[in-house]
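Presented below is the structure to which this report refers.
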Number of protein chains: 2
Amino acid sequence: MSGALAEAPPAAATDPAETQSCFDVIELLFFAYRDFVSDPDRILTDYGFGRAHHRVLHFVNRQPGLTIAELLDILRITKQSLNRVLKELVEKGFVEQRTGVQDRRQRLLFPTVKGRDLALALSRMQGERIRRAIDRCGEDDRQAALRFLFAMIDENDRDHVARLVYGAGERKGQ
Amino acid sequence: MSGALAEAPPAAATDPAETQSCFDVIELLFFAYRDFVSDPDRILTDYGFGRAHHRVLHFVNRQPGLTIAELLDILRITKQSLNRVLKELVEKGFVEQRTGVQDRRQRLLFPTVKGRDLALALSRMQGERIRRAIDRCGEDDRQAALRFLFAMIDENDRDHVARLVYGAGERKGQ
DNA sequence: TCCGTTACGTCAGCCTTATTGACATATCTC
DNA sequence: GAGATATGTCAATAAGGCTGACGTAACGGA
(Lines give C-alpha, C1' and ligand atoms only; values in the text may rest on other atoms or scores of the structure.)
Protein backbone atom coordinates (compact mmCIF):
# COMPACT_ATOMS: atom_id res chain seq x y z
CA MET A 1 0.00 0.00 0.00
CA SER A 2 2.48 2.67 1.12
CA GLY A 3 6.16 3.01 0.50
CA ALA A 4 7.11 3.19 4.14
CA LEU A 5 10.45 1.71 5.11
CA ALA A 6 11.22 0.94 1.49
CA GLU A 7 14.81 2.04 2.04
CA ALA A 8 15.08 0.11 5.29
CA PRO A 9 13.92 -3.45 4.87
CA PRO A 10 12.83 -5.05 8.15
CA ALA A 11 15.65 -7.08 9.61
CA ALA A 12 13.74 -9.63 11.62
CA ALA A 13 10.16 -9.61 10.40
CA THR A 14 8.81 -13.00 9.53
CA ASP A 15 6.60 -11.53 6.87
CA PRO A 16 7.30 -7.89 6.02
CA ALA A 17 4.22 -7.45 3.86
CA GLU A 18 1.84 -8.61 6.56
CA THR A 19 3.60 -6.74 9.32
CA GLN A 20 3.36 -3.63 7.21
CA SER A 21 -0.31 -4.06 6.45
CA CYS A 22 -1.04 -3.86 10.16
CA PHE A 23 0.39 -0.37 10.58
CA ASP A 24 -2.89 1.15 9.49
CA VAL A 25 -4.85 -0.63 12.21
CA ILE A 26 -2.18 0.08 14.81
CA GLU A 27 -2.08 3.76 14.00
CA LEU A 28 -5.77 4.44 13.43
CA LEU A 29 -6.53 2.70 16.70
CA PHE A 30 -4.04 4.98 18.39
CA PHE A 31 -5.40 8.18 16.86
CA ALA A 32 -9.05 7.23 17.32
CA TYR A 33 -8.48 6.34 20.95
CA ARG A 34 -6.42 9.48 21.52
CA ASP A 35 -9.26 11.72 20.39
CA PHE A 36 -11.96 9.49 21.83
CA VAL A 37 -10.74 9.93 25.41
CA SER A 38 -9.91 13.60 24.97
CA ASP A 39 -13.55 14.74 24.99
CA PRO A 40 -14.49 13.60 28.52
CA ASP A 41 -11.16 14.79 29.92
CA ARG A 42 -12.26 18.40 29.67
CA ILE A 43 -15.40 17.83 31.74
CA LEU A 44 -13.64 15.62 34.26
CA THR A 45 -11.15 18.28 35.33
CA ASP A 46 -14.09 20.47 36.42
CA TYR A 47 -14.93 17.80 38.98
CA GLY A 48 -11.33 17.15 39.99
CA PHE A 49 -11.50 13.74 38.36
CA GLY A 50 -9.28 11.99 35.83
CA ARG A 51 -9.67 9.19 33.33
CA ALA A 52 -9.47 6.57 36.02
CA HIS A 53 -12.55 8.02 37.70
CA HIS A 54 -14.33 8.05 34.35
CA ARG A 55 -13.70 4.38 33.75
CA VAL A 56 -14.93 3.40 37.19
CA LEU A 57 -18.00 5.59 36.99
CA HIS A 58 -18.83 4.31 33.53
CA PHE A 59 -18.86 0.65 34.44
CA VAL A 60 -20.61 1.22 37.76
CA ASN A 61 -23.32 3.16 35.97
CA ARG A 62 -23.50 0.59 33.24
CA GLN A 63 -23.83 -2.32 35.58
CA PRO A 64 -25.27 -1.18 38.91
CA GLY A 65 -24.44 -3.64 41.64
CA LEU A 66 -20.98 -4.36 40.29
CA THR A 67 -18.58 -5.86 42.81
CA ILE A 68 -15.02 -4.72 43.47
CA ALA A 69 -13.63 -7.98 42.12
CA GLU A 70 -15.54 -7.67 38.87
CA LEU A 71 -14.43 -4.08 38.45
CA LEU A 72 -10.83 -5.09 39.01
CA ASP A 73 -11.20 -7.74 36.35
CA ILE A 74 -12.61 -5.23 33.87
CA LEU A 75 -10.07 -2.50 34.47
CA ARG A 76 -7.04 -4.78 35.00
CA ILE A 77 -5.53 -2.63 37.70
CA THR A 78 -4.62 -3.39 41.31
CA LYS A 79 -7.12 -2.98 44.11
CA GLN A 80 -4.94 -0.24 45.61
CA SER A 81 -5.19 1.79 42.42
CA LEU A 82 -8.91 1.23 42.19
CA ASN A 83 -9.45 2.02 45.84
CA ARG A 84 -8.04 5.51 45.57
CA VAL A 85 -10.31 6.66 42.75
CA LEU A 86 -13.31 4.75 44.06
CA LYS A 87 -12.92 6.36 47.47
CA GLU A 88 -12.92 9.79 45.87
CA LEU A 89 -16.03 8.95 43.86
CA VAL A 90 -17.79 7.76 47.00
CA GLU A 91 -16.66 10.75 49.09
CA LYS A 92 -17.86 13.21 46.47
CA GLY A 93 -21.19 11.44 46.23
CA PHE A 94 -21.04 9.93 42.74
CA VAL A 95 -20.94 6.28 43.76
CA GLU A 96 -22.62 4.44 46.61
CA GLN A 97 -21.46 1.23 48.27
CA ARG A 98 -23.91 -1.27 49.68
CA THR A 99 -23.14 -4.49 51.46
CA GLY A 100 -24.07 -7.53 49.41
CA VAL A 101 -27.17 -9.44 50.36
CA GLN A 102 -26.22 -12.98 49.43
CA ASP A 103 -22.59 -12.39 50.35
CA ARG A 104 -22.09 -9.75 52.98
CA ARG A 105 -18.35 -9.56 52.25
CA GLN A 106 -19.04 -7.93 48.93
CA ARG A 107 -19.48 -4.20 48.46
CA LEU A 108 -21.88 -3.65 45.62
CA LEU A 109 -21.34 -0.43 43.73
CA PHE A 110 -24.18 1.78 42.57
CA PRO A 111 -24.19 5.18 40.92
CA THR A 112 -26.02 7.97 42.74
CA VAL A 113 -28.31 10.25 40.76
CA LYS A 114 -25.41 12.70 40.56
CA GLY A 115 -23.12 9.91 39.42
CA ARG A 116 -25.55 8.75 36.78
CA ASP A 117 -25.90 12.27 35.44
CA LEU A 118 -22.14 12.69 35.15
CA ALA A 119 -21.68 9.28 33.58
CA LEU A 120 -24.34 10.05 31.01
CA ALA A 121 -22.92 13.49 30.28
CA LEU A 122 -19.56 11.86 29.55
CA SER A 123 -21.14 9.10 27.46
CA ARG A 124 -23.09 11.71 25.54
CA MET A 125 -19.89 13.51 24.55
CA GLN A 126 -18.40 10.28 23.29
CA GLY A 127 -21.70 9.34 21.69
CA GLU A 128 -21.69 12.56 19.70
CA ARG A 129 -18.30 11.72 18.28
CA ILE A 130 -19.49 8.23 17.45
CA ARG A 131 -22.60 9.53 15.74
CA ARG A 132 -20.57 11.98 13.69
CA ALA A 133 -18.37 9.05 12.67
CA ILE A 134 -21.41 7.00 11.66
CA ASP A 135 -22.68 9.94 9.59
CA ARG A 136 -19.42 9.76 7.68
CA CYS A 137 -18.94 6.05 7.20
CA GLY A 138 -22.37 4.52 7.65
CA GLU A 139 -24.04 2.15 10.06
CA ASP A 140 -22.65 -0.93 8.33
CA ASP A 141 -19.11 0.16 9.04
CA ARG A 142 -20.00 0.70 12.68
CA GLN A 143 -21.39 -2.83 12.94
CA ALA A 144 -18.30 -4.22 11.24
CA ALA A 145 -16.05 -2.16 13.49
CA LEU A 146 -17.81 -3.63 16.53
CA ARG A 147 -17.13 -7.14 15.25
CA PHE A 148 -13.50 -6.29 14.56
CA LEU A 149 -12.94 -4.63 17.93
CA PHE A 150 -14.58 -7.58 19.65
CA ALA A 151 -12.25 -9.96 17.84
CA MET A 152 -9.29 -7.89 19.04
CA ILE A 153 -10.08 -8.70 22.67
CA ASP A 154 -8.25 -11.55 24.42
CA GLU A 155 -10.02 -14.78 23.55
CA ASN A 156 -10.44 -15.74 27.22
CA ASP A 157 -12.26 -12.50 27.88
CA ARG A 158 -14.66 -12.32 24.98
CA ASP A 159 -17.53 -14.11 26.69
CA HIS A 160 -17.20 -11.90 29.71
CA VAL A 161 -17.11 -8.73 27.61
CA ALA A 162 -20.03 -9.90 25.47
CA ARG A 163 -22.13 -10.40 28.56
CA LEU A 164 -21.12 -7.03 29.92
CA VAL A 165 -21.69 -5.09 26.71
CA TYR A 166 -24.79 -6.80 25.36
CA GLY A 167 -26.35 -8.25 28.46
CA ALA A 168 -25.69 -5.63 31.10
CA GLY A 169 -28.12 -4.18 33.57
CA GLU A 170 -29.06 -4.48 37.21
CA ARG A 171 -27.76 -7.74 38.56
CA LYS A 172 -27.56 -7.74 42.29
CA GLY A 173 -30.28 -6.67 44.57
CA GLN A 174 -30.95 -4.48 47.53
CA MET B 1 -31.07 -3.68 22.89
CA SER B 2 -30.20 -4.40 26.51
CA GLY B 3 -32.15 -3.69 29.63
CA ALA B 4 -29.45 -1.60 31.25
CA LEU B 5 -30.63 1.31 33.35
CA ALA B 6 -34.22 0.27 32.88
CA GLU B 7 -34.90 1.07 36.51
CA ALA B 8 -33.02 4.33 36.33
CA PRO B 9 -34.07 6.42 33.35
CA PRO B 10 -31.42 8.90 32.24
CA ALA B 11 -32.11 12.26 33.79
CA ALA B 12 -30.44 14.57 31.31
CA ALA B 13 -29.85 12.61 28.12
CA THR B 14 -31.20 14.31 25.04
CA ASP B 15 -31.92 10.98 23.43
CA PRO B 16 -31.61 7.95 25.71
CA ALA B 17 -31.93 5.42 22.92
CA GLU B 18 -29.07 6.90 20.93
CA THR B 19 -26.90 7.47 23.96
CA GLN B 20 -27.42 3.87 24.91
CA SER B 21 -26.63 2.54 21.47
CA CYS B 22 -23.14 4.02 21.79
CA PHE B 23 -22.22 2.02 24.88
CA ASP B 24 -21.15 -0.88 22.71
CA VAL B 25 -18.65 1.21 20.77
CA ILE B 26 -17.42 2.95 23.92
CA GLU B 27 -16.86 -0.32 25.71
CA LEU B 28 -15.48 -2.44 22.90
CA LEU B 29 -13.04 0.34 22.09
CA PHE B 30 -11.94 0.31 25.72
CA PHE B 31 -11.49 -3.47 25.88
CA ALA B 32 -9.83 -3.75 22.49
CA TYR B 33 -7.39 -0.98 23.31
CA ARG B 34 -6.73 -2.42 26.76
CA ASP B 35 -5.64 -5.75 25.31
CA PHE B 36 -4.03 -4.22 22.25
CA VAL B 37 -1.44 -2.29 24.27
CA SER B 38 -0.90 -5.10 26.75
CA ASP B 39 1.11 -7.25 24.31
CA PRO B 40 4.05 -4.88 23.74
CA ASP B 41 4.17 -3.94 27.42
CA ARG B 42 5.72 -7.27 28.31
CA ILE B 43 8.61 -6.84 25.87
CA LEU B 44 9.14 -3.20 26.76
CA THR B 45 9.85 -3.88 30.42
CA ASP B 46 12.82 -6.04 29.37
CA TYR B 47 14.36 -2.89 27.88
CA GLY B 48 13.37 -0.62 30.74
CA PHE B 49 10.89 1.13 28.49
CA GLY B 50 7.20 1.92 28.84
CA ARG B 51 4.32 2.68 26.53
CA ALA B 52 5.54 6.22 26.00
CA HIS B 53 8.80 4.90 24.56
CA HIS B 54 6.85 2.55 22.34
CA ARG B 55 4.77 5.32 20.84
CA VAL B 56 7.82 7.46 20.11
CA LEU B 57 9.78 4.57 18.64
CA HIS B 58 6.84 3.50 16.52
CA PHE B 59 6.34 6.84 14.82
CA VAL B 60 10.05 7.51 14.42
CA ASN B 61 10.44 4.13 12.77
CA ARG B 62 7.37 4.67 10.67
CA GLN B 63 8.44 8.06 9.45
CA PRO B 64 12.22 8.40 9.59
CA GLY B 65 13.24 12.03 9.63
CA LEU B 66 10.34 13.08 11.83
CA THR B 67 10.85 16.39 13.61
CA ILE B 68 10.21 17.04 17.29
CA ALA B 69 7.34 19.38 16.46
CA GLU B 70 5.61 16.79 14.30
CA LEU B 71 6.03 14.14 16.95
CA LEU B 72 4.53 16.46 19.56
CA ASP B 73 1.57 17.03 17.27
CA ILE B 74 1.05 13.30 16.83
CA LEU B 75 1.37 12.35 20.48
CA ARG B 76 -0.34 15.45 21.92
CA ILE B 77 1.98 15.69 24.90
CA THR B 78 4.30 18.46 26.06
CA LYS B 79 7.88 18.73 24.87
CA GLN B 80 9.08 18.11 28.42
CA SER B 81 7.26 14.80 28.55
CA LEU B 82 8.51 13.83 25.12
CA ASN B 83 12.05 14.89 25.89
CA ARG B 84 12.40 12.53 28.79
CA VAL B 85 11.49 9.40 26.89
CA LEU B 86 13.23 10.51 23.72
CA LYS B 87 16.45 11.16 25.63
CA GLU B 88 16.33 7.63 27.02
CA LEU B 89 15.74 6.18 23.55
CA VAL B 90 18.71 8.14 22.21
CA GLU B 91 20.98 7.27 25.15
CA LYS B 92 20.19 3.58 24.82
CA GLY B 93 20.86 3.70 21.09
CA PHE B 94 17.40 3.13 19.65
CA VAL B 95 16.91 6.55 18.09
CA GLU B 96 19.36 8.89 16.41
CA GLN B 97 19.08 12.66 16.13
CA ARG B 98 20.45 14.53 13.13
CA THR B 99 20.44 18.24 12.53
CA GLY B 100 18.08 19.27 9.73
CA VAL B 101 19.56 20.21 6.38
CA GLN B 102 17.11 22.83 5.15
CA ASP B 103 16.46 24.08 8.67
CA ARG B 104 19.34 23.56 11.04
CA ARG B 105 17.15 24.30 14.06
CA GLN B 106 15.31 21.04 13.57
CA ARG B 107 16.45 17.72 15.01
CA LEU B 108 15.38 14.97 12.66
CA LEU B 109 14.71 11.65 14.32
CA PHE B 110 15.80 8.34 12.85
CA PRO B 111 15.63 4.82 14.19
CA THR B 112 18.92 2.96 14.51
CA VAL B 113 19.09 -0.65 13.34
CA LYS B 114 18.51 -1.68 16.95
CA GLY B 115 15.57 0.71 17.15
CA ARG B 116 14.06 -0.60 13.94
CA ASP B 117 14.35 -4.16 15.17
CA LEU B 118 12.60 -3.36 18.43
CA ALA B 119 9.89 -1.34 16.71
CA LEU B 120 9.20 -4.20 14.32
CA ALA B 121 9.20 -6.78 17.10
CA LEU B 122 6.55 -4.72 18.88
CA SER B 123 4.54 -4.19 15.70
CA ARG B 124 4.72 -7.89 15.01
CA MET B 125 3.12 -8.71 18.35
CA GLN B 126 0.29 -6.33 17.65
CA GLY B 127 0.10 -7.56 14.08
CA GLU B 128 -0.43 -11.11 15.30
CA ARG B 129 -3.39 -10.00 17.37
CA ILE B 130 -4.78 -8.12 14.38
CA ARG B 131 -4.36 -11.12 12.11
CA ARG B 132 -6.10 -13.38 14.61
CA ALA B 133 -8.93 -10.85 14.67
CA ILE B 134 -9.15 -10.84 10.89
CA ASP B 135 -9.26 -14.64 10.92
CA ARG B 136 -12.34 -14.35 13.08
CA CYS B 137 -14.25 -11.53 11.46
CA GLY B 138 -12.90 -11.30 7.94
CA GLU B 139 -11.00 -8.78 5.86
CA ASP B 140 -14.12 -6.78 5.04
CA ASP B 141 -14.71 -6.03 8.69
CA ARG B 142 -11.13 -4.89 9.03
CA GLN B 143 -11.51 -2.48 6.12
CA ALA B 144 -14.77 -1.19 7.58
CA ALA B 145 -13.18 -0.85 11.00
CA LEU B 146 -10.42 1.26 9.46
CA ARG B 147 -13.00 3.59 7.93
CA PHE B 148 -14.87 3.82 11.22
CA LEU B 149 -11.75 4.47 13.28
CA PHE B 150 -10.63 7.09 10.79
CA ALA B 151 -13.99 8.84 11.08
CA MET B 152 -13.58 8.87 14.87
CA ILE B 153 -10.51 11.11 14.60
CA ASP B 154 -10.87 14.87 15.03
CA GLU B 155 -11.95 16.32 11.71
CA ASN B 156 -9.07 18.82 11.67
CA ASP B 157 -6.59 16.01 12.02
CA ARG B 158 -7.86 13.53 9.48
CA ASP B 159 -5.81 14.82 6.55
CA HIS B 160 -2.69 14.76 8.65
CA VAL B 161 -3.36 11.24 9.89
CA ALA B 162 -4.25 10.02 6.39
CA ARG B 163 -0.91 11.29 5.09
CA LEU B 164 0.92 9.70 7.97
CA VAL B 165 -0.80 6.32 7.77
CA TYR B 166 -1.14 5.89 4.04
CA GLY B 167 1.60 8.09 2.67
CA ALA B 168 4.39 7.65 5.18
CA GLY B 169 8.02 6.95 4.49
CA GLU B 170 11.33 8.74 4.36
CA ARG B 171 10.71 12.45 4.07
CA LYS B 172 13.77 14.38 5.06
CA GLY B 173 17.28 13.55 4.08
CA GLN B 174 20.44 12.88 6.03
C1' DT C 1 22.87 43.72 10.17
C1' DC C 2 19.61 43.75 13.60
C1' DC C 3 15.54 41.84 15.62
C1' DG C 4 11.62 39.18 16.30
C1' DT C 5 10.18 34.47 15.78
C1' DT C 6 10.78 29.65 15.71
C1' DA C 7 12.68 24.95 17.14
C1' DC C 8 14.37 22.81 20.58
C1' DG C 9 16.55 21.76 25.33
C1' DT C 10 16.31 21.97 30.22
C1' DC C 11 15.54 22.90 35.22
C1' DA C 12 12.24 22.60 38.92
C1' DG C 13 8.14 21.19 40.98
C1' DC C 14 3.84 18.98 40.88
C1' DC C 15 -0.15 15.69 39.79
C1' DT C 16 -2.42 11.32 38.41
C1' DT C 17 -2.26 6.71 37.86
C1' DA C 18 -0.20 2.84 38.27
C1' DT C 19 2.91 -0.66 40.80
C1' DT C 20 4.58 -4.17 44.83
C1' DG C 21 4.38 -5.91 49.44
C1' DA C 22 2.44 -6.46 53.73
C1' DC C 23 -1.14 -6.67 56.92
C1' DA C 24 -6.11 -6.22 58.95
C1' DT C 25 -11.02 -7.35 59.04
C1' DA C 26 -15.23 -9.34 58.11
C1' DT C 27 -17.58 -13.03 56.17
C1' DC C 28 -18.39 -17.40 53.91
C1' DT C 29 -17.85 -22.40 53.69
C1' DC C 30 -16.72 -26.71 55.16
C1' DG D 1 -13.37 -23.62 64.58
C1' DA D 2 -10.34 -23.21 60.39
C1' DG D 3 -9.17 -21.92 56.05
C1' DA D 4 -10.42 -19.38 52.08
C1' DT D 5 -12.41 -15.21 50.14
C1' DA D 6 -13.65 -10.11 49.52
C1' DT D 7 -12.31 -6.06 50.68
C1' DG D 8 -9.68 -2.11 52.98
C1' DT D 9 -5.42 0.10 53.99
C1' DC D 10 -0.53 1.67 54.91
C1' DA D 11 3.86 2.60 52.77
C1' DA D 12 7.08 3.18 49.25
C1' DT D 13 8.02 3.62 44.39
C1' DA D 14 7.71 4.38 39.38
C1' DA D 15 5.90 6.03 34.92
C1' DG D 16 4.10 9.49 32.51
C1' DG D 17 1.94 13.41 32.22
C1' DC D 18 1.55 18.71 33.47
C1' DT D 19 2.87 24.08 34.10
C1' DG D 20 6.12 27.71 34.16
C1' DA D 21 10.31 29.71 33.26
C1' DC D 22 14.50 30.31 30.97
C1' DG D 23 18.34 29.52 27.52
C1' DT D 24 20.34 28.75 22.91
C1' DA D 25 20.70 28.40 18.23
C1' DA D 26 18.98 29.35 13.75
C1' DC D 27 15.77 31.37 10.50
C1' DG D 28 13.85 35.33 8.10
C1' DG D 29 12.34 39.69 7.09
C1' DA D 30 12.98 44.87 7.48
Side-chain angles (χ1 to χ4, degrees), chain A residues 30 33-34 37-38 40-58 60 65-92 95-110 172, chain B residues 30 33-34 37-38 40-58 60 65-92 95-110 172:
Chain A
F30 166 77
Y33 198 81
R34 179 197 69 176
V37 296
S38 73
D41 278 5
R42 287 186 283 274
I43 298 181
L44 288 161
T45 50
D46 297 341
Y47 293 84
F49 291 147
R51 286 179 198 175
H53 302 85
H54 181 197
R55 289 193 281 263
V56 170
L57 185 59
H58 174 90
V60 168
L66 203 63
T67 67
I68 302 288
E70 285 169 317
L71 199 42
L72 288 175
D73 189 47
I74 288 170
L75 300 176
R76 296 274 168 84
I77 57 176
T78 58
K79 60 177 174 174
Q80 295 91 327
S81 294
L82 171 59
N83 207 255
R84 183 180 42 80
V85 293
L86 184 57
K87 198 150 63 176
E88 287 169 3
L89 284 167
V90 170
E91 280 167 1
K92 292 188 180 175
V95 170
E96 210 177 282
Q97 295 187 348
R98 301 183 206 158
T99 301
V101 263
Q102 294 118 4
D103 189 336
R104 290 178 50 80
R105 289 172 302 179
Q106 295 179 328
R107 300 298 144 89
L108 310 187
L109 303 172
F110 293 87
K172 300 200 178 168
Chain B
F30 166 77
Y33 197 81
R34 179 196 70 174
V37 297
S38 73
D41 278 6
R42 289 186 282 275
I43 299 182
L44 287 161
T45 50
D46 297 342
Y47 293 85
F49 292 146
R51 287 179 197 174
H53 302 84
H54 181 197
R55 288 193 282 263
V56 170
L57 185 59
H58 175 90
V60 168
L66 203 63
T67 67
I68 302 288
E70 285 169 317
L71 198 44
L72 288 176
D73 190 47
I74 288 169
L75 301 175
R76 295 275 168 84
I77 58 175
T78 59
K79 60 177 174 173
Q80 295 91 326
S81 295
L82 171 58
N83 207 256
R84 183 177 40 77
V85 292
L86 184 56
K87 198 151 61 175
E88 287 170 2
L89 284 167
V90 170
E91 280 166 1
K92 292 188 180 175
V95 170
E96 210 178 282
Q97 295 187 347
R98 302 182 207 159
T99 301
V101 264
Q102 295 117 4
D103 188 337
R104 290 178 49 81
R105 289 172 301 180
Q106 295 179 329
R107 300 296 145 88
L108 309 187
L109 304 171
F110 294 86
K172 302 199 177 166

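These figures come from a predicted structure and were not determined experimentally. Numbers restart at 1 for each chain; the letters A, B, ... are given by sequence-line order, proteins then strands.
Distances shown here put every side-chain N or O of A/Thr78 at or beyond 4.0 Å from the OP1 or OP2 atom of C/dA18. Contact between the side-chain N/O atoms of A/Arg84 and the OP1/OP2 oxygens of C/dT17 is found at a separation under 4.0 Å. Distances shorter than 4.0 Å separate none of the side-chain N or O atoms of A/His53 from OP1 or OP2 on C/dT16. Dashed line: the shortest gap from a side-chain N or O of A/Arg51 to OP1 or OP2 of D/dG16 is not under 4.0 Å. Of the side-chain N and O atoms in A/Arg76, none sit less than 4.0 angstrom from OP1 or OP2 of C/dT19. Proximity of A/Ser81 to the phosphate of C/dT19: a side-chain N or O atom is located under 4.0 Å from OP1 or OP2. An OP1 or OP2 oxygen of C/dC28 is reached within less than 4.0 angstrom by no side-chain nitrogen or oxygen of A/Arg105. In this model, the phosphate group of C/dT27 is approached by a side-chain N or O of A/Arg104 to a distance below 4.0 Å at OP1 or OP2.
Looking at B/Gln97, its side chain has no donor and acceptor atom pair within 3.5 Å of the base of C/dG9.
The number of heavy atoms from other shown groups lying within 6.0 Å of CZ (A/Arg104) does not exceed 12.
The distance from atom CG of A/Leu44 to atom C1' of C/dT17 is 14 Å, rounded to the nearest whole Å. Put simply, CD1 on B/Ile77 is 19 Å from P on C/dT16, counting in whole angstrom units. Rounded to an integer number of Å, the gap from B/Leu72 CG to C/dG9 P is 9 Å. For the pair A/Asn83 CG and C/dT17 P, the interatomic distance rounds to 14 Å; values are reported in whole Å. If you measure from atom CG of A/Leu108 to atom C1' of D/dG8, you get 16 Å, rounded to the nearest angstrom. One interatomic measurement links the two molecules: CG of A/Leu71 to P of D/dA6, which rounds to 15 Å at whole-angstrom precision. B/Leu82 has its CG atom 16 Å from the P atom of C/dC11, to the nearest Å. One can place CD of B/Gln80 at 16 Å from P of D/dG23, the figure rounded to the nearest angstrom.
At least one side-chain heavy atom of A/Leu108 sits less than 4.5 Å from a side-chain heavy atom of A/Thr67. The shortest distance between side-chain heavy atoms of A/Lys92 and A/Phe49 falls below 4.5 Å.
Residue whose closest nucleotide on DNA chain D sits further toward the 5' end, between A/Arg107 and B/Arg55: A/Arg107. Position along DNA chain C of the nearest nucleotide to B/Leu86 versus A/Gly50 favours B/Leu86 as the more 5'-ward residue. Both A/Lys87 and A/Asp103 lie near DNA chain D, and the one whose nearest nucleotide falls closer to the 5' end is A/Asp103.
The one candidate from A/Arg51, A/His54, A/Arg55 that meets the side chain to side chain contact (heavy atoms under 4.5 Å, CB included) condition with A/Val37 is A/Arg51. Considering B/Val85, B/Leu109, B/Val95 in turn, B/Val95 is the only one that fulfils the side chain to side chain contact (heavy atoms under 4.5 Å, CB included) rule with B/Val90.
Taking every heavy atom of both residues into account, A/Leu89 and A/Leu57 meet most closely at CD1-N, 4.2 Å.
Of the candidate nucleotides D/dG8, C/dT17, C/dC8, D/dG8 has the atom nearest to the side chain of A/Lys79.
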